[in-house]
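One structure below.
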Amino acid sequence: MAKKSKIPQSKSGNYWLVKSEPDVFSIDDLYAAADQTTHWDGVRNYQARNTMRDLMKGGDKVLYYHSNAQPPSVVGIVEVVREGYPDHTAFDPKDPHFDPKSKKVTPTWYMVDVKFLEKFTTPLELGLLRTVESLAKMVLLQKGSRLSVQPVQPDEFATIVSMGRES
DNA sequence: GCCAACGTTGGC
DNA sequence: GCCAACGTTGGC
């Protein structure tokens, strides 16, 4: 059983996690997308916005989490391929994420582009992650944590990738 | 389907 | 600036 030996590294040293409902856009949808890339649009939370606009850098590695799934799980890794730029879906009155207070000259909402990197051999269920002592401080596992774009510590990232590659 | 936790809005 | 009301997230 060949294991990939290297944990993907962010050039910036920063790691992240993004949530998506698989019924809306799963990691398989990303795998099947043109260039295996998508823009991470529709985020309407200021903290997540700030992360995408100011902090996520090209080459940053990002865990992909399926929320509102059965069971909710971390399912793979994606990579930032385009840094923060205005979320155009906020400008479109016909779009469900339309926000009239976001103007093209002074956009309120930003997004990044992410590209598929790897799908784990085993989805890492939330319940399992809660049993791992070294992950206890993960933002994802904090009570009431709803942030859809969130930081991950380098050691947490490495632990999760190693777990996800086990068969 | 329920509901706790959270973020935002808006009256005062 | 306070805070009640509301809408949303997301696990269970």
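Protein chains get the first letters and strands the later ones, always in sequence-line order, with residue 1 at the start of each. Treat the numbers as computed from the prediction; the structure is a model and nothing was measured.
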Whole-Å distance between [N] [atom2] and [X] [atom1]?
X: A:Q47; N: B:dA5; atom1: CD; atom2: P; value: 18 Å
X: A:N68; N: B:dC3; atom1: CG; atom2: C1'; value: 14 Å
X: A:R130; N: C:dG10; atom1: CZ; atom2: P; value: 13 Å
X: A:R44; N: B:dT9; atom1: CZ; atom2: C1'; value: 17 Å
X: A:N45; N: C:dG7; atom1: CG; atom2: P; value: 18 Å
X: A:R146; N: C:dT8; atom1: CZ; atom2: P; value: 11 Å
X: A:L129; N: C:dC12; atom1: CG; atom2: P; value: 11 Å
X: A:L17; N: C:dG10; atom1: CG; atom2: P; value: 11 Å

Listed nucleotide nearest any side-chain atom of [X], set [options]:
X: A:L126; options: B:dT8, C:dG11, C:dG10; answer: C:dG11
X: A:K101; options: B:dT9, C:dG11, C:dG7; answer: B:dT9
X: A:S67; options: C:dT8, B:dT9, C:dG11; answer: C:dG11
X: A:Y46; options: B:dT8, C:dG10, C:dT8; answer: B:dT8

Can a side chain N or O of [X] be found less than 4.0 Å away from OP1 or OP2 on [N]?
X: A:K143; N: B:dA5; value: yes
X: A:Y65; N: C:dT9; value: no
X: A:K19; N: C:dG10; value: yes

query: Passes side-chain hydrogen bond (donor to acceptor under 3.5 Å, both in side chains), A:T89 versus A:D87? Steps please.
result: CA-CA 6 Å; A:T89 65; A:D87 180 344; 2.5 Å; yes

task: Compute the ring centroids of A:W40 and A:Y64, then answer whether they are less than 6.0 Å apart.
output: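 Judged by ring-centre distance (under 6.0 Å), A:W40 and A:Y64 do meet the cut-off.
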
task: Any salt bridge (charged side-chain N to carboxylate O under 4.0 Å, His left out) involving residues 96-110 of chain A? Give me the pairs, sequence neighbours left out, ordered by first then second residue.
output: A:D99-A:K101

Expected list for residues 137-145 of chain A: side-chain donor-acceptor pairs under 3.5 angstrom, two or more places apart:
| from | atom 1 | to | atom 2 | distance (Å) |
| --- | --- | --- | --- | --- |
| A:Q142 | NE2 | A:A136 | O | 2.9 |
| A:Q142 | NE2 | A:K137 | O | 3.4 |
| A:Q142 | NE2 | A:M138 | O | 2.7 |
| A:S145 | OG | A:V139 | O | 2.9 |

- prompt: Are any of the side-chain heavy atoms of A:Y65 and A:S73 separated by less than 4.5 Å?
  reply: no

